[in-house]
Amino acid sequence: MAPSAQASPAPAPAPFGTTPPGVPIIDLRSDTVTRPTPAMRAAMMSAPLGDDVLGDDPTVRELEARVCQIMGKEAACFVPTGTMANQVAIRSHTEPGDELIAHEDSHIIHYETGAPAALSGVMIRVVRGEMGMFDEAAVRRSVRHPSDHDPRSRLLVIENTHNRAGGVVWPLDRFRAVTAAARERGLSVHMDGARIWNACAASGVPASEYASCVDSLSCCFSKGLGAPVGSAVAGSAPFIARVRRFRKMFGGGMRQSGVLAAAAIYALDHHRERLTQDHANATLIGGALANVKGLSIASAIQTNMVFVNLAGSLPGAADFCHRLRERGVLALDSSENQIRLVTHLDVSRAQCERAADIIASVASSFQS
Ligand code: TLP
């Protein structure tokens with residue numbers, strides 16, 4: 001039978017929360033979404049390689065040496081992720097049953113799947129404080145006296161920039177005072193420096209200044225620096241020897257990982273100075289949204305993050321993000337009534353302006 005000559009049906013509308021075809025996407029979910037640039041890819045393609053688990057990948061060695069030089073530390077170890085960097089550091093500083101101290105909003109508490117408990121068997125004692133920070137007194141109060149009954153206070157973990165607090169930079173004098181108080185009480189100190197590069201670009205403080213206050217640090221190449229993969233841990237040589245052992249135990253020993261380390265070296269050489277552009281773009285978005293009815297900026301913008309509170313007259317954050325996605329703007333819901341926008345090297349100033357317009361127009365559509 002011949003097919004009936006019916007008009008083809010109108011295309012179904014895109015389901016709620018999807019971006020219709022043809023709508024350009026501005027991805028502000030995280031600075032982790034960047035794709036390697038052509039020049040970075042070229043650096044990866046031409047990197048000399050070896051087997052890093054056997055210790056002879058020259059490009060990984062070069063990256064680790066660069067990190068030592070930048071941070072003023074004796075040794076460094078390349079790892080796949082920021083989470084692994086923090087977790088091998090925590091495991092290397094502690095023994096099961098020990099306690100670490102961290103701010104209640106820390107990444108290691110909220111976003112690392114309970115790994116300190118699962119992988120290191122440590123307890124976490126939280127400290128509180130405005131903007132992801134705390135003071136010496138809070139550290140002193142949290143350190144336990146040695147006793148047969150108590151867990152052993154062993155480690156302070158301090159995050160810089162502080163993610164959930166809004167990309168906040170620790171002022172160097174405060175950072176010095178807090179870390180010194182911890183060390184006086186016999187704690188080791190680890191800095192979660194996933195975005196230490198942003199902290200340094202914003203404050204002008206060299207990374208080595210922050211690093212000199214801590215026993216170990218993690219830093220990521222896969223966030224604002226724009227490498228596809230990779231983080232590092234830095235510290236003393238004996239500490240990093242322990243880190244290497246736990247990296248292997250946690251499944252993070254990689255082989256021809258120089259192909260990734262090459263991207264990180266390229267990022268260190270070419271993408272650090274430009275971070276101030278991301279900060280300016282975040283400030284631009286914050287400024288554009290500050291006076292929009294129903295929206296308020298959660299904290300002063302210091303680096304590349306903007307946390308926006310949604311008033312009760314607006315949909316919840318997950319729903320709001322779906323509506324933004326329909327207009328091509330990708331954001332994350334950071335709580336029930338808050339969204340997070342992160343600027344990075346794959347979004348231009350013009351795209352940030354456009355994203356702010358779209359967010360304002362979605363918010364305004366709910367105001368009568
Ligand atoms: N943070 C991610 C999410 O996990 C929230 C993001 O998009 O911001 N420390 C800090 C302070 C971080 O913000 C992150 C990533 C990590 C560690 C972990 O890095 P990865 O994702 O490489 O394991």
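The first residue of the sequence shown is numbered 1, and numbering continues consecutively from there. One-based numbering, in listed order, for ligands and for the atoms of each. Nothing here was measured: the structure is a model prediction, and the numbers come from that model.
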Checking the N or O distance criterion of under 3.5 Å, is ligand 1 in contact with [X]?
{"X": "Met84", "result": "no"}
{"X": "Arg195", "result": "yes"}
{"X": "Tyr111", "result": "no"}
{"X": "Thr32", "result": "no"}
{"X": "Lys223", "result": "yes"}
{"X": "Asn163", "result": "yes"}

Contacting atoms of ligand 1, where contact means under 4.0 angstrom from a heavy atom of [X]:
{"X": "Glu159", "value": "11 (C)"}
{"X": "Ala194", "value": "9 (N), 10 (C), 11 (C), 12 (C), 17 (C)"}
{"X": "Asp192", "value": "9 (N), 10 (C), 11 (C), 17 (C)"}
{"X": "Gly82", "value": "18 (C), 19 (O), 20 (P), 22 (O), 23 (O)"}
{"X": "Thr83", "value": "18 (C), 19 (O), 20 (P), 23 (O)"}
{"X": "Glu112", "value": "17 (C)"}

Contact between Glu99 and Arg152 at the side-chain level, heavy atoms closer than 4.5 Å - yes or no?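 No, their side chains stay 4.5 Å or more apart.
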
Compare all side-chain heavy atoms of Phe239 with those of His93 and state whether any distance is below 4.5 angstrom.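 Yes, their side chains come closer than 4.5 Å.
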
NZ/NE/NH1/NH2 to OD/OE distance under 4.0 Å, [X] and [Y]:
{"X": "Glu130", "Y": "Arg174", "value": "no"}
{"X": "Asp31", "Y": "Arg195", "value": "yes"}
{"X": "Arg323", "Y": "Asp319", "value": "yes"}

Of the side chain and backbone of [X], name the one, both, or neither that has a heavy atom under 4.0 Å from an atom of ligand 1.
{"X": "His162", "answer": "neither"}
{"X": "Asn86", "answer": "side chain"}
{"X": "Thr81", "answer": "both"}
{"X": "Arg340", "answer": "side chain"}

Who's the nearest protein heavy-atom neighbour of atom 7 (O) of ligand 1, and how far?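 Going by distance alone, atom 7 (O) of ligand 1 is nearest to Ser30 OG, 2.7 Å.
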
Considering only Ile, Leu, Val, Met, Phe, Trp and Tyr, and joining two whenever side-chain heavy atoms are under 4.5 Å apart, list the other residues clustered with Ile109.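 Cluster partners of Ile109: Ile90, Leu100, Ile108, Val122, Ile124, Val126, Leu155, Val157.
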
Determine whether the aromatic ring centres of Phe221 and His271 lie less than 6.0 Å apart.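 No - the distance between ring centres of Phe221 and His271 does not fall below the 6.0 Å cut-off.
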
Do Asn163 and Arg340 pair up side chain to side chain, a donor and an acceptor below 3.5 Å, judged on atom types alone?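 Yes - a donor-acceptor pair under 3.5 Å links their side chains.
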
When you compare the side chains of His344 and Asn304, does any donor N or O come within less than 3.5 Å of an acceptor on the partner?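 No, no side-chain donor-acceptor pair sits under 3.5 Å.
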
Short side-chain to backbone donor-acceptor contact, Lys73 and Ala211, under 3.5 Å: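 Yes.
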
Closest candidate by heavy atom, reference atom 14 (C) of ligand 1, pool His110, Arg164, His107, Arg29: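 Answer by nearest heavy atom: His107.
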
Return all side-chain donor-acceptor pairs below 3.5 angstrom for residues 305-312, not counting sequence neighbours, or 'none' if the list is empty.
residue: Asn309; atom: OD1; partner: Gln338; partner atom: NE2; Å: 3.0

